[in-house]
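Notes follow once the structure below has been shown.
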Amino acid sequence: MSDGLEQEPAEAARVFGDRLPVVRRYAADLAEHGIVLGLIGPLEPPRLWSRHVLNSGLLAEFLPRDAAVADVGSGAGLPGLVLAAARPDLRVTLIEPMERRVAWLEEERARLGLENVVVERSRAEDAAPGRFDVVTARAVGALTGLLPITAPLAKRGGRLALLKGAAVDAELAKAEKVVRRLRLTDVRVEIAGRGMAGLETRVLVATVPS
Ligand SMILES: C[S@@+](CC[C@H](N)C(=O)[O-])C[C@H]1O[C@@H](n2cnc3c(N)ncnc32)[C@H](O)[C@@H]1O
């Protein structure tokens, strides 16, 4: 039973293409188990697709083919499991410190049959640096704290693609010194999902020094 799961929006086919069945299974599993496991709040199943799953899937356009991707603070698997389900070419490492969430991520990875996912139980700042083409994160914190823990995980010349809300410009202004200290370049806010009514989402992109 997928308690109260939002009806799948028409955009899901456009965002996920032929990978939609795997993403659909993830959404159903999260709606069924997520509240009890403390992964999502009780208000989330009726807006799981529009607020969480599609939003996560939009990040795929920022990931080059065959990229090694780290998702910091995956929690329920957002966006990391969604991206791995949508893009089998990616190698996705989910970096998450909480034991209960790590257990869910491992179980869900197996249920979805995703062989392109590794789950690493760690805080980002304790994880081995310099390994990833792109580092993603969603709802882990404001840029002032998030940039210093995500940037070191990227390879030289690698990128950050951080899902952000409407406050991203203000966050970026506050993080000016941090951006300079980390010597990030090409720092900008991009809009993912342009033209998809109600789905457009802000992504902070940046390149780490080579
Ligand atoms: C609010 S949840 C967001 C989860 C998911 N990214 C989402 O969008 O629903 C924040 C997650 O970040 C994890 N987290 C917090 N600090 C972290 C750190 N320093 N390194 C890695 N993960 C961290 C938490 O354990 C939690 O799972």
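Just so we're clear, the structure is a prediction, and the values are computed from it rather than from any experiment. Numbering of residues begins at 1 and proceeds along the displayed sequence. Order of listing sets the numbers, starting from 1, for every ligand and every atom in it. Heavy-atom basis, side chains included; hydrogens, waters and symmetry copies ignored.
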Salt-bridge criterion met for R111 and E108 (N-O under 4.0 Å):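 Judged by the 4.0 Å cut-off on N to carboxylate O distance, R111 and E108 do form a salt bridge.
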To check your reading of the model: name the closest protein heavy atom to [atom], its residue, and the distance in Å.
atom                    : answer
atom 19 (N) of ligand 1 : E125 OE1, 2.8 Å
atom 2 (S) of ligand 1  : A139 O, 3.7 Å
atom 26 (C) of ligand 1 : R101 NH1, 2.9 Å
atom 20 (N) of ligand 1 : A124 N, 2.8 Å
atom 11 (C) of ligand 1 : G73 O, 3.5 Å
atom 16 (N) of ligand 1 : V140 CG1, 4.4 Å

Quick one: does ligand 1 sit under 4.0 Å from the side chain of S56, the backbone, both or neither, non-hydrogen atoms only?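 It is neither; nothing of S56 touches ligand 1.
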Do I40 and L81 belong to the same hydrophobic cluster, where Ile, Leu, Val, Met, Phe, Trp and Tyr are linked whenever their side-chain heavy atoms lie under 4.5 Å apart, directly or via other members? yes
Quick one: which ligand 1 atoms are inside 4.0 Å of a heavy atom on G75?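 Heavy-atom distances to G75 below 4.0 Å select 4 (C), 27 (O).
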For P97, the ligand 1 atoms whose distance to one of its heavy atoms is below 4.0 Å: 21 (C), 22 (N), 23 (C), 25 (O)
Do [X] and [Y] have side-chain atoms, one donor and one acceptor, less than 3.5 Å apart?
X    : Y    : answer
S210 : R156 : no
E171 : T144 : no
H52  : R138 : yes

Regarding ligand 1, does [X] bring an N or O atom to under 3.5 Å of one of the ligand's N or O atoms?
X    : result
A76  : no
R138 : yes
E96  : yes
L78  : yes

D71 side chain to L94 backbone, donor-acceptor under 3.5 Å: no
Under 3.5 Å donor-acceptor, E96 side chain and V102 backbone: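 A pair under 3.5 Å: no.
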Shortest non-hydrogen contact between G145 and P148, atoms and distance: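 Between these two residues, the closest heavy atoms are O-CD, 3.3 Å.
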If you define the side chain from C-beta out and look only at heavy atoms, does anything of R24 sit under 4.5 Å from E8? yes
